[in-house]
> 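Would you mind keeping the following structure in view while I ask a few things?
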Amino acid sequence: MEIQHYEQIGETIYLETLNNGLKVYVLPKPDHNKTFSIFTTDYGSIDQAFTPLNSAETVQVPDGIAHFLEHKLFEDEDGDAFNTFSKRGAQTNAFTSFTRTAYLFSSTSEVQANLETLLDFVQSPYFTEETVEKEKGIIGQEINMYNDDADWRLFFGLLSSLYKENPVRIDIAGTVQSIDQITEDLLYTCYQTFYHPSNMVLFIVGPVDPQETVQLVRDNQEKKPFPEAGEIRRSYGDEPKESYERQKTIEMNVQTPKCLLGFKEPDDHYPHPGLSYELGVQLLLDVMFGPGSSTYEQLYKEGLIDNSFSADFTMERSFGFSAIGGDTKDPERLVSQLEETIHAFKQKPLQEEDIRTAKKRKIGAFLKQLNSPEFIATQFTRYEMNGDSLFAVVPTLEKMTLGDLESILQRHFHSDRSSVTKVVAPQS
Amino acid sequence: MAETEQLDAGGLRVHWQPSNKFKTTTIVLHIKAPLEAETAAARTLLAHVLQAGTADYPSRRKIRHFLDDLYGASFYADVGKKGENHVLTFVMEVASEQYLQNESPLLPKALTFLLSVLQSPNMTESGFSETIIKEEKQALTQRIRNIADDKTRYANIRMLEEMCADEPFGLHPFGSVADMEALGNDELQQAYEQMMASDQFDLFVTGPGSKEEILNVVEPAGEYFKTGERKQAKATPSQPPAEINEVVERQAIQQAKLHLGFRIPYTVDADEYTAVLVTNGIFGAYPHSKLFVNVREKESLAYYAASRYEPYKGILFAMAGIAPEQYEKASEIMQAQLEAIRNGEVTEEELTTTRQMLKNQILEQMDSARGAIEMNYQNVLSNNTRTVDERLHEIEDVDKETVIATAQKIQLDTIYLLTGEEETA
C-alpha cells in the first residue's frame, strides 16, 4: 500500500491498486462520525461516440444515456439499492457530469456492509425492457424540471453557443426524445465499456482503518470475474477553435434578465493542460471580477449585478470554458463592461499585490473546502482522473508567477472564442 | 466534539464549542426578533447595509480587502425565519493559523471585526450612507422579484402565503418589493436602534481556537449588548383548518408543482417533536418513504416527491413535480400515503429504517460546524433542550402506535398547484 502524508494540511492518504485495475484511496478521519465513500467511473455525458469493448467499430449512442444508466444501476433483480442502504440508516446518491458518473453513500454505522453494497450494486447491472420503459417517465419529469429552470437553460445556452461539435453542448440528461431511443442493449454496451474496474476509482473518507478497508474491497473484487481491460477509444468530434455562435437569446418568463459571457479553450492542449492552467484562469477571474475587484464594485453600484453574479472556469477532458455573469437589468451594458475590463487587463501588466491577495483568498477558500469529506473525496477523484493531485493545489498556487498568469490571460480570453447568451422575457 | 460552553458578555450570549475536527473556525451571530409585516423589510435591509460597510471599512470593497488579509475569510449576512421569529444572521469562517505558514491567530481579528459590524457601523450624524442604502435596496428588490424564477421555491412560498394568510408565518422574511422600496434612512436607523435595544443576540463559535482568545474580544464588548427582557414572538399555534383551501395558479411552465400544506399541533417545544420526525420520515422525508416509493417508483409520476416538517411552526408540507395532466391522480396518491399511516399501514421495516436514517442524520450533522451550531441554536430557541444522546434515544422510543397517533393529528389545510397555461384535461 502506498502512503502519502501531507504535512501542511495534516492529512494522510492510503492508496492501493487492485489486480483488476481498481484504484482504492482511503483517508482516515478518526474524529468524525460519518464515513463517506464515492465510486466513480471515468465516463460521462460527453462520451457518446466510442469503440465498445471487443469491437472494432465506433458507435454513437443517444444523448443522456450515461445519466440514464446511473438511474438504472440502483435497481437489481432483488430490488432497489436505495432500500438496502436505508435499512442501515445510510444515505445514498449518484450524479452524472460531463466526464464522470459517481455513486456514493454516507453512514455512521455498518460502514463495511454499506461499502460492499456500493461495490455490488454498481457492479451488477440489471435492465429489462419493462424497467427501462418505466424509468423514461421519471427522467422525463427530471428533464422538464430543468427546462423550467432559467439558470440551467442559460448555462446550456452558453455551452451550445461556444461549442459546435463537442457533446458538452448537450444537456447531461438528454431530451425526452433522445432518451426514448434508449434500450437495454445500448445500456449494456455502455456499461461493459466504461464500468471496468480499471476505469474506476473508489475513495473512502471517515473513521475507518485503511488496512481493513482495503482488504474488504480486495476480497469483494476477487470474487468477481472481469474481462481483460481494453483501451477505450472515445471521440468528441472536430471542434473548431472559434465559438460556434457569438450571440444567443432565449425567451422565458423571467423577472430579471440573465446573461453569461463565456470563453472556450482551444483544444490543442488536451487531454489536459494541468492544474496550474486551471488555477491560473480562476485566479485571473477573481482578480478581474471577484467581490474585491474594482469592476465588481462599479457594477454593483450601477445595479448591473447582484449576489447571483459569478465568474467560473471549468476544465475537463476535451473541453474548458469560463462563464461570467448572472441576473442583470441590462445585459448589453453588463457585457460591454465585462469585455472592457478584460481588454484593459490585457493591455497592462498584472499587479503583484492583486495576485498576492488572490492567492491568499484561494488558499483560505481551499482550507474551508477541506472541512468537507464530500469535497475531498469528489475533488480528489476528479483531479486523479485528470492526472493531477488535489493536494498539489496550494504548492501550485504558491509557485505560480506573474509571467505564467500573463500568458494564460492572453491565451484564454480571446474574443474569437467568446459567446454571449441571454435569457429575457418575451416582448408582449 | 467538546460540549458547548456558555460565555456571556452583557446581553450577548456566547456559545463556544472547541473542536480540532475542522481546519477553520465558524462564527455565527443570530439576532432574533418577532416576525412582523411592519419590520421585516427594514430589518432585512439593515442586515445588508451593515454588511456593506463599517466605520473602519466603509465599503464592500474595503471589507473584502480586510478579509483577504485573513486568508479570504468569508463574511456574509443572511435573513430568515424560524417559525414566527425573524432572524438576522451574520456568518464568518476563518482559517486556523496552524495550517498556514507564519501566521498569527486570525480568530480574534475575525471576532473583533464581526462585533464592529454592529457596534460601529458606517454611520454619521445624518445616518447610514445614502449610497449604500440605494445599492442594497436595488439588489434586494431584484432578489425578491427573482424568487418567482425558481419554481419549486416560489410554489412553496406561495403555498405558505395562502395557508398562513392571517399568521406572521405567511410572510416572506425579506418583506415585499413595495415595503423595500418605501424604506429610507429614518426607518433604517429606527430598525437599528430597535435591534440593539430589544433583540436577542446569540453568538456561536465552533472550531479550533481558545476560550481566552474569545473572552478577550467579547468581554469588553458586553456593554453594547443590553441585558433584560427580550421582545418575544407571539406564538400563533397551528389551528386545524375549517375546510381545505385549493389554489391553482398558471404560468408558462412545462412541469407542474404540487404542494400540499398540512397542520400539526406539535412544534420543537413539544414532547411529540421526535414522533413527528419519525412520522414524517415514514411519510416523505427519505427515498424509502411512502411518497417516494409510491409517487415516483411505483407510478413514475414524478422525479421528486418528498415531505418536510417545519418544526418551529407546526406545519408539514409535501411536494412533487408532475406532468400537469396528472394533478388529480398525484394529489390523491400523495394524500393516500398519509391516510395509510393513519390506518396503521406501517411496517416494522419502514419504522426501523426511518429510525436509522434519522439517527444517522443527527450524527452526520455534528460533522459540520454549521450543522452543530444549528442544533445548538434549536436548543436555545426551544423550551425543550435535547442533547445528541437524548435525541438518539427519543428516536428509538417512538413506536408504531405513536406514529399512528401522530399521523392522526396531521390535517390537510391547503392544496397549491402551479401549473401550465393551457387547459389540461
> Find the one option among B/Gln138, B/His288, B/Glu364 whose heavy-atom pairs under 4.5 Å with chain A are most numerous.
B/Glu364
> Counting C-beta onward and ignoring hydrogens, is there a side-chain heavy-atom pair between A/Gln255 and B/Gln142 closer than 4.5 Å?
no
> Which one, A/Gly137, A/Ser308, A/Ser107, A/Ser372, leads in non-hydrogen pairs under 4.5 Å with chain B?
A/Ser107
> Could you grab the distance from atom CG of A/Leu279 to atom NZ of A/Lys399, nearest 0.5 Å is fine?
11.0 Å
> Is any NZ, NE, NH1 or NH2 atom of the basic residue among B/Asp68 and A/Arg361 found under 4.0 Å from an Asp or Glu carboxylate oxygen of the other?
yes
> Determine the interplanar angle of the B/Phe75 and B/Phe113 rings, folded into 0 to 90°, and report it as parallel if under 30°, tilted if 30 to 60°, perpendicular if over 60°.
perpendicular
> What residue in B/Gln255, B/Arg64, B/Arg355, B/Lys359 has the most heavy-atom pairs under 4.5 Å with chain A?
B/Gln255
> Using non-hydrogen atoms and a 4.5 Å limit, figure out which bit of B/Tyr304 sits close to chain A: side chain, backbone, both or neither.
side chain
> Which atoms of B/Leu67 are under 4.5 Å from chain A, going by heavy atoms: the side chain, the backbone, both sets, or neither?
neither
> Test salt bridge (Lys or Arg N to Asp or Glu O under 4.0 Å) on B/Glu97 and B/Lys109; report intermediate values, then the result.
CA-CA 12 Å; B/Glu97 60 281 0; B/Lys109 293 180 198 168; over 6 Å; no
> When only pairs under 4.5 Å are counted, which of A/Pro373, A/Ala150, A/Pro291, A/Ser109 shares the most heavy-atom pairs with chain B?
A/Pro291
> Using heavy-atom distances under 4.5 Å, tell me whether A/Gln298 contacts chain B through its side chain, its backbone, both, or neither.
neither
> Only pairs of heavy atoms separated by less than 4.5 Å count here; which of B/Asn20, B/Thr24, B/Thr26, B/Thr352 has the most with chain A?
B/Thr24
> Which bit of B/Ile322 is near chain A, if near means a heavy-atom gap under 4.5 Å: side chain, backbone, both or neither?
backbone
> Would you say A/Thr295 and A/Thr341 are linked by a side-chain donor-acceptor pair, where the criterion is simply a distance under 3.5 Å?
yes
> Please classify the contact of B/Ala302 with chain A as side chain, backbone, both or neither, using a heavy-atom distance under 4.5 Å.
backbone
> Between chain A and each of B/Arg145, B/Arg296, B/His65, B/Glu299, count heavy-atom pairs under 4.5 Å; write down the option with the most.
B/Arg296
> Going from CG on A/Leu104 to CZ on A/Phe95, what distance comes out if it is rounded to the nearest 0.5 angstrom?
6.5 Å
> Mind ranking A/Thr357, A/Asp306, A/Ile138, A/Asn83 by heavy-atom pairs under 4.5 Å with chain B and telling me who comes out on top?
A/Ile138
> Side chain, backbone, both or neither: which part of B/Ser59 has a heavy atom under 4.5 Å from chain A?
side chain
> Determine whether the side chains of B/Thr347 and B/Glu349 contain a donor N or O and an acceptor N or O closer than 3.5 Å.
no
> Let's test your reading of the structure: which of A/Ser294, A/Ala358, A/Gly140 forms the most heavy-atom pairs below 4.5 Å with chain B?
A/Ser294
> Only one of A/Phe82, A/Phe85, A/Phe105, A/Phe68 passes ring-ring contact (aromatic ring centres under 6.0 Å, His included) with A/Phe74; say which it is.
A/Phe82
> When you check the side-chain N and O atoms of A/Thr256 and A/Asp327, is any donor under 3.5 Å from an acceptor?
no
> Check whether B/Phe174 forms a cation-pi arrangement with B/Arg143 (NZ or CZ under 6.0 Å from the six-membered ring centre, at most 45° off the ring normal).
no
> Under a 4.5 Å cut-off applied to non-hydrogen side-chain atoms, are B/Gln361 and B/Tyr286 in contact?
yes
> Between A/Glu302 and A/Arg333, does any NZ, NE, NH1 or NH2 come within less than 4.0 Å of an OD or OE carboxylate oxygen?
yes
> Give, as side chain, backbone, both or neither, the part of B/Lys151 having an atom under 4.5 angstrom from any heavy atom of chain A.
side chain
> Report the option among A/Glu297, A/Lys368, A/Lys134 that has the most heavy-atom pairs separated by less than 4.5 Å from atoms of chain B.
A/Lys368
> Go through the atoms of A/Glu398 and report whether side chain, backbone, both or neither lie under 4.5 Å from a heavy atom of chain B.
side chain
> Please flag which part of A/Lys362 lies under 4.5 Å from any non-hydrogen atom of chain B: side chain, backbone, both or neither.
neither
> Using heavy-atom distances under 4.5 Å, tell me whether A/Thr131 contacts chain B through its side chain, its backbone, both, or neither.
neither
> In terms of heavy-atom pairs under 4.5 Å with chain B, which of A/Asn307, A/Leu370, A/Val394 leads?
A/Asn307
> Let me know if B/Lys62 has heavy atoms under 4.5 Å from chain A in its side chain, its backbone, both or neither.
neither
